[in-house]
Amino acid sequence: MSETQEYVPSVIKAEEMDPKFKYKMSKMYGAEKIMLCFQCGTCTADCPIARFSGFYRPRKIARMIQLGLKERLLSDEALWLCSSCFTCVDHCPQGVEIAGIVRALRNLNVKEKGIMPLVYKELASNLLKGGYVYEIPESRHKKRTEQGLPPLPKPSLEDLAKIFEFTGSIKMLENVKTIEKVKS
Amino acid sequence: MPKPKYLIFLGCVIPYRLSNYEISARKVLGKLGVDLVEMPEYNCCGYPMDAINHDLMLTLAAKNLCVAEKQNLNILTLCNGCFCSLNETNKILKEDKKLREEVNNHLKEVGMEFKGSIEVKHLAHVLAEDIGFEKIKDAVKKPLTNLRVAQHSGCHLVRPAKMVNHGDDPENPTLLKNLIRLTGAECLDYMDETECCGNPIIGVNEEVPFQMAKEKLEHIRTVQAQALITVCPFCHMMFDMNQPRIERAFNEKFGLPVLHYPQLLGLAMGFSPEELALNELRVKPSMLLEQT
């Protein structure tokens with residue numbers, strides 16, 4: 001698909017629209033007020049990412065949810081460009097938590113499509129293995145001692161494994177397909 | 001008054017690559033009479049997992065909160081991201097009984113229960129609220145009166161506004177500015193101060209964060225600030241560690257030293273650059289140090 005085609009989306013067909021999708025979304029934490037969006041565009045106007053991206057438009061995301069364009073939303077990689085700065089949340093005159101909605105869509109993307117950017121898979125795997133989202137090398141631990149810093153506490157890996165299990169995160173990581181980089 | 005006592009929550013990125021923030025914060029807080037206690041155990045605050053699984057984020061954050069509840073101590077974070085996830089989780093689990101029950105069901109399996117008995121504060125809040133401006137001013141032995149700096153508070157110190165109850169205005173934050181002024185340095189206003197650094201998406205896309213940071217560096221250059229002051233490891237990495245890459249990408253030269261706030265305060269309190277690990281900064285602050 002060329003870039004110009006992405007600016008002018010293909011015609012929306014009635015059968016693409018899931019009229020129940022907005023109700024499903026409004027039950028997800030953070031997305032409760034999606035129906036209150038009246039498309040003023042404050043979120044996009046004040047979004048630091050939208051200023052530099054040709055694709056990421058929070059106002060459009062809110063409208064697509066209201067129209068029930070679930071499949072289009074979940075196949076749009078631009079979802080992963082939100083930096084969760086919460087400017088949209090603080091500025092929305094209707095109290096719609098746009099960043100919460102984007103988070104809910106990302107969660108849904110992982111859960112239903114099994115897709116996430118590679119970086120999240122790496123961070124989650126490190127966390128499960130060592131308790132931190134970055135693998136802290138032995139040299140770092142040694143340097144802490146040299147610098148007079150207290151040793152890092154040992155995270156309980158057994159407990160972490162359980163938490164990953166209960167929250168469905170083990171399964172989530174096993175079957176996931178990853179996106180390398182998202183174009184802007 | 002009893003000494004303020006806090007559990008220090010380091011998170012992941014500070015021990016991974018920004019020890020200088022930790023070193024300077026411990027020095028400064030120690031001198032100001034804050035008793036720092038190590039977390040007996042902890043894991044990632046949960047913030048990076050929110051995008052892929054909100055339940056996982058909540059449970060990870062709540063587990064850390066439970067560890068602190070057991071110690072009966074409030075948490076002090078150095079990182080805006082850790083503050084965001086721990087503070088928000090603490091607040092919503094205190095208010096939402098149903099959600100608390102769900103999270104506690106997970107936590108039961110690891111022998112823990114969220115009770116909602118502690119508070120979470122960022123370093124900046126502890127400095128302003130527990131130590132106070134007067135006491136910090138008294139501790140300044142070498143005022144940095146020749147220095148003109150700019151600040152970047154970072155989003156999660158002030159947003160989302162309804163989650164952060166520390167009185168700062170997210171549209172015009174003044175907390176860090178006032179803390180900087182206590183050191184004797186001048187804190188300059190510049191264009192679009194509240195814009196995000198861009199770091200949270202650098203793992204999925206570099207172009208946008210680089211443009212965001214470059215624009216910020218340009219605005220700071222315009223007002224001729226000699227340094228940028230941050231209180232978040234992610235914002236710091238964006239402007240310090242990535243600065244040479246941004247310069248190369250846009251064929252620009254900024255050479256702007258980026259200091260963690262406790263490094264600036266530490267200099268004013270009379271600590272040496274070595275004691276504050278200033279040598280670990282990517283952009284060397286040698287010009288700035290000549291003026292202090």
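As the structure is a prediction and not an experimental result, all values here were calculated from the model. Side-chain atoms are counted along with the backbone in the values below, which use heavy atoms only and exclude waters and symmetry mates.
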Using non-hydrogen atoms and a 4.5 Å limit, figure out which bit of [X] sits close to chain B: side chain, backbone, both or neither.
X: A/Leu127; value: side chain
X: A/Leu81; value: both
X: A/Met172; value: side chain
X: A/Val89; value: side chain

Please determine, among [options], the option with the most heavy-atom pairs under 4.5 Å with chain A.
options: B/Pro40, B/Cys12, B/Pro200; result: B/Cys12
options: B/Val13, B/Val158, B/Leu10; result: B/Val13
options: B/Leu58, B/Ile92, B/Leu60; result: B/Ile92
options: B/Gly203, B/Cys196, B/Cys44, B/Ala51; result: B/Ala51

Q | Pick from A/Ile136, A/Ile179, A/Leu118 with the largest number of heavy-atom pairs that fall under 4.5 Å of chain B | A | A/Ile136
Q: Could you have a look at A/Ala104, A/Pro150, A/Gly148, A/Gly130 and say which one has the most heavy-atom pairs with chain B under 4.5 angstrom?
A: A/Pro150
Less than 3.5 Å apart and able to act as donor and acceptor by atom type: which atom pairs between chain A and chain B qualify?
{"residue": "A/Arg51", "atom": "NH1", "partner": "B/Glu195", "partner atom": "OE1", "Å": "3.3"}
{"residue": "A/Arg51", "atom": "NH1", "partner": "B/Glu215", "partner atom": "OE1", "Å": "3.0"}
{"residue": "A/Arg51", "atom": "NH2", "partner": "B/Glu215", "partner atom": "OE1", "Å": "2.9"}
{"residue": "A/Arg51", "atom": "NH2", "partner": "B/Glu215", "partner atom": "OE2", "Å": "2.7"}
{"residue": "A/Ser84", "atom": "O", "partner": "B/His156", "partner atom": "NE2", "Å": "2.6"}
{"residue": "A/Ser84", "atom": "OG", "partner": "B/Tyr47", "partner atom": "OH", "Å": "2.8"}
{"residue": "A/Asp90", "atom": "OD1", "partner": "B/Ala161", "partner atom": "N", "Å": "2.9"}
{"residue": "A/Asp90", "atom": "OD2", "partner": "B/Arg159", "partner atom": "NH1", "Å": "2.8"}
{"residue": "A/Asp90", "atom": "OD2", "partner": "B/Ala161", "partner atom": "N", "Å": "3.3"}
{"residue": "A/His91", "atom": "NE2", "partner": "B/Glu171", "partner atom": "OE1", "Å": "2.9"}
{"residue": "A/His91", "atom": "NE2", "partner": "B/Glu171", "partner atom": "OE2", "Å": "2.9"}
{"residue": "A/Glu97", "atom": "OE2", "partner": "B/Lys162", "partner atom": "NZ", "Å": "2.7"}
{"residue": "A/Arg103", "atom": "NH1", "partner": "B/Asp50", "partner atom": "OD1", "Å": "3.4"}
{"residue": "A/Arg103", "atom": "NH1", "partner": "B/Asp50", "partner atom": "OD2", "Å": "2.9"}
{"residue": "A/Arg103", "atom": "NH1", "partner": "B/His54", "partner atom": "ND1", "Å": "3.2"}
{"residue": "A/Asn107", "atom": "OD1", "partner": "B/His54", "partner atom": "N", "Å": "2.7"}
{"residue": "A/Asn107", "atom": "ND2", "partner": "B/Asp50", "partner atom": "O", "Å": "3.1"}
{"residue": "A/Asn107", "atom": "ND2", "partner": "B/Ala51", "partner atom": "O", "Å": "2.7"}
{"residue": "A/Gly131", "atom": "O", "partner": "B/Cys44", "partner atom": "N", "Å": "2.8"}
{"residue": "A/Arg140", "atom": "NE", "partner": "B/Tyr16", "partner atom": "O", "Å": "3.0"}
{"residue": "A/Arg140", "atom": "NH1", "partner": "B/Ser19", "partner atom": "OG", "Å": "3.1"}
{"residue": "A/Arg144", "atom": "NH1", "partner": "B/Glu22", "partner atom": "OE1", "Å": "2.8"}
{"residue": "A/Arg144", "atom": "NH2", "partner": "B/Glu22", "partner atom": "OE1", "Å": "3.4"}
{"residue": "A/Arg144", "atom": "NH2", "partner": "B/Glu22", "partner atom": "OE2", "Å": "2.7"}
{"residue": "A/Gln147", "atom": "NE2", "partner": "B/Glu280", "partner atom": "OE2", "Å": "2.5"}
{"residue": "A/Lys162", "atom": "NZ", "partner": "B/Glu109", "partner atom": "O", "Å": "3.4"}
{"residue": "A/Thr167", "atom": "O", "partner": "B/Asn53", "partner atom": "ND2", "Å": "2.9"}
{"residue": "A/Ser169", "atom": "OG", "partner": "B/Asn53", "partner atom": "ND2", "Å": "3.3"}
{"residue": "A/Lys181", "atom": "NZ", "partner": "B/Gly203", "partner atom": "O", "Å": "3.2"}
{"residue": "A/Val182", "atom": "N", "partner": "B/Val204", "partner atom": "O", "Å": "2.7"}
{"residue": "A/Val182", "atom": "O", "partner": "B/Asn205", "partner atom": "ND2", "Å": "2.8"}
{"residue": "A/Ser184", "atom": "OG", "partner": "B/Asn205", "partner atom": "ND2", "Å": "3.1"}

**Q.** Distance, nearest 0.5 Å, that separates CD1 of B/Ile14 from CG of A/Leu152
**A.** 11.0 Å
Q | Heavy-atom check, side chain of A/Phe86 versus side chain of B/Cys84, under 4.5 Å | A | yes
Q: For residues A/Cys85 and B/Cys155, report the shortest heavy-atom separation together with the two atoms involved.
A: CB-SG, 3.3 Å
Q) Under a 4.5 Å heavy-atom cut-off, does chain A meet the side chain of B/Met212, its backbone, both or neither? A) both
**Q.** Which portion of B/Pro170 sits near chain A, non-hydrogen atoms under 4.5 angstrom
**A.** side chain
